[in-house]
Amino acid sequence: MTRVADYLDLVRAPASLTVLGDALVGAVSAAGGSRAMDATPAQPRPAALPRGSRRTATPVRTATPVRTATPVRTVAPVRTAAPVRTVALAGASVCLYSAGMALNDYADADLDAGERPERPIPSGRISRERALATGVVLTAAGVGAAFAAGRASGLVSLALAASLWSYDLVFKATPAGPAVMALCRGLDVLLGAAGPSWRGALLPAAAVAVHTVAVTAVSRGEVSGTTVTIGRAAVVASTAVAASGLLGRGDRAAALLGGARYLAAVLPGQLAVARDPGARQARDATRAGIRAVVPLQSALTARAGAPVATAFLLAVETVGRLLSRRRTRGDIT
């Protein structure tokens, strides 16, 4: 009989913590830091004064409001990403990520029978048909949640869902696999940024995508080992990701500190692969790389000047560490 725990193994439930921050990074980067987490409606900015006019320090008060034939125009209010919208998009990210994990096991059922017989499908705990159905349901839930948050985010979720399905069913075993997976994570960040200010999230999305390329390339050697070249390339990529926080606008001191934390999480495993590209080293580096995306996300939110979002991601990181210590069965890759 299939249990809830078996489905949690199928979708790598602990790893879903690593995608909660994608939409959050996109939201705070596009909205300008802490405004993305501010529930207070934006106030309109006053229209610019005519040239030569002076703005008084204290507005003149009148006993009776002055009526004018033409209403005073103000600049449009600053758009904010409401917390409810960001939470909905984080939920959409989790659903789509989990769908991708279920589809991964559906597509790799025959391969896992020989290489990873403990996984839910080859062990007989979940049928291949149920894994596919799980992927379909979670995809629909993720896209639905994204459209509930807005049309723009819904359209991005469709592109993300198409990329996930394409990766698992077509591109995973091809040379394009790491690039397609990177596209998925980049789109996941842009899911949170969907709207007029989405360009503000391009650099963070690129950073998460490059990190994903490195982790995915190393993960291909989890069974048979990888190469020194891939290990060294991953080290270079991760260093570039950490340095990217110093580019453009943002809190560079926070970016520097966050980048150091990210490198402390991801580099040891990749350096080990660069020295000895065996299967065990590749597995360890892949697990560390998957978890290291949370320190990367917190570095990106700190760079954007979003202390509430950063504190939340630090808490997520702590929970992830506790779960990884308690978890004795299954994997996250």
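For reference, positions follow the sequence shown, starting with 1. The structure presented is a predicted model; accordingly, all values stated were derived computationally and were not measured.
In the hydrophobic clustering of this structure, L160 does not group with Y167; members are Ile, Leu, Val, Met, Phe, Trp, Tyr whose side-chain heavy atoms approach within less than 4.5 Å, directly or through other members. Taking hydrophobic clusters as Ile, Leu, Val, Met, Phe, Trp and Tyr residues chained together by side-chain heavy-atom distances below 4.5 Å, V143 shares a cluster with L187. Transitive grouping of hydrophobic side chains (ILVMFWY, heavy atoms separated by less than 4.5 Å) brings L17 and M101 into a common cluster. Connection of V241 to V266 is established within a shared hydrophobic cluster, with ILVMFWY side chains joined at heavy-atom distances below 4.5 Å, either directly or through further cluster members. Neither L257 nor Y262 shares a network with the other; the hydrophobic side chains, linked directly or stepwise wherever heavy atoms of I, L, V, M, F, W or Y lie under 4.5 Å apart, form separate groups for each.
R303 pairs with exactly one of V28, L246, T310, L203 by the side-chain contact (heavy atoms from CB on, under 4.5 Å) rule, that one being L203.
The two residues L89 and G192 have their closest heavy-atom pair at CD1-CA, 3.8 Å. For the pair A265 and A292, the tightest heavy-atom approach, listed with the atom from each and the gap, is CB-CB, 3.9 Å. The minimum heavy-atom distance between D251 and A302, with the atom names listed, is CB-O, 3.8 Å. In plain terms, the two heavy atoms of P204 and V25 that are nearest each other are CB-CG1, 3.6 Å. Considering every non-hydrogen atom in both V273 and A285, the closest pair reads CG2-CB, 3.7 Å. Nearest heavy-atom pair, A255 versus G245, reported as atom, atom and distance to 0.1 Å: CB-O, 3.3 Å.
Summarising the geometry, atom OG1 belonging to T286 is positioned 9.0 Å from atom CD belonging to Q270; distances are rounded to the nearest 0.5 Å. Here the straight-line distance linking atom NE2 of H211 with atom CD1 of I290 works out to 8.0 Å at 0.5 Å rounding. To the nearest 0.5 Å, atoms CZ (F171) and CE (M181) are separated by 12.5 Å. Separation of atoms CG (L271) and CZ (R232) is listed at 11.0 Å; rounding is to 0.5 Å.
Between D105 and R116 no salt bridge is recorded (no basic side-chain N to carboxylate O distance below 4.0 Å). Salt bridge present: D108 and K172 bring a charged side-chain N and a carboxylate O closer than 4.0 Å. For D112 and R119, the salt-bridge test passes: some basic side-chain N is under 4.0 Å from an acidic carboxylate O.
Not one N or O on the side chain of T226 forms a donor-acceptor pair closer than 3.5 Å with the backbone of P277. No donor-acceptor pair closer than 3.5 Å links the side chain of S238 to the backbone N or O of V235. Within the 3.5 Å criterion, the main-chain N or O of G221 finds no donor-acceptor partner in the side chain of S224. Without hydrogens or angle criteria, R283 side chain to E222 main chain gives a donor-acceptor distance under 3.5 Å.
Contact annotation: the side chain of T18 approaches that of Y97 to within less than 4.5 Å [non-hydrogen atoms, C-beta and beyond]. Contact check for S98 versus R12: no side-chain heavy atoms found under the 4.5 Å cut-off. A heavy-atom distance below 4.5 Å is found between the side chains of S93 and L191.
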Can L138 and L96 be said to form a side-chain contact (heavy atoms from CB on, under 4.5 Å), step by step?
CA-CA 6 Å; L138 288 172; L96 290 170; over 6 Å; no

side-chain contact (heavy atoms from CB on, under 4.5 Å) for W165 and V136? Distances and angles first, verdict last.
CA-CA 10 Å; W165 280 70; V136 171; 3.7 Å; yes

Could you walk me through whether L296 and R261 pass side-chain contact (heavy atoms from CB on, under 4.5 Å), step by step?
CA-CA 8 Å; L296 173 58; R261 291 186 63 254; over 6 Å; no

Apply side-chain contact (heavy atoms from CB on, under 4.5 Å) to the pair V293 and E317, showing each step before the final yes or no.
CA-CA 9 Å; V293 75; E317 183 181 350; over 6 Å; no

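Within the hydrophobic cluster formed by Ile, Leu, Val, Met, Phe, Trp and Tyr side chains joined at under 4.5 Å, directly or through other members, V213 stands alone, with no partner residue.
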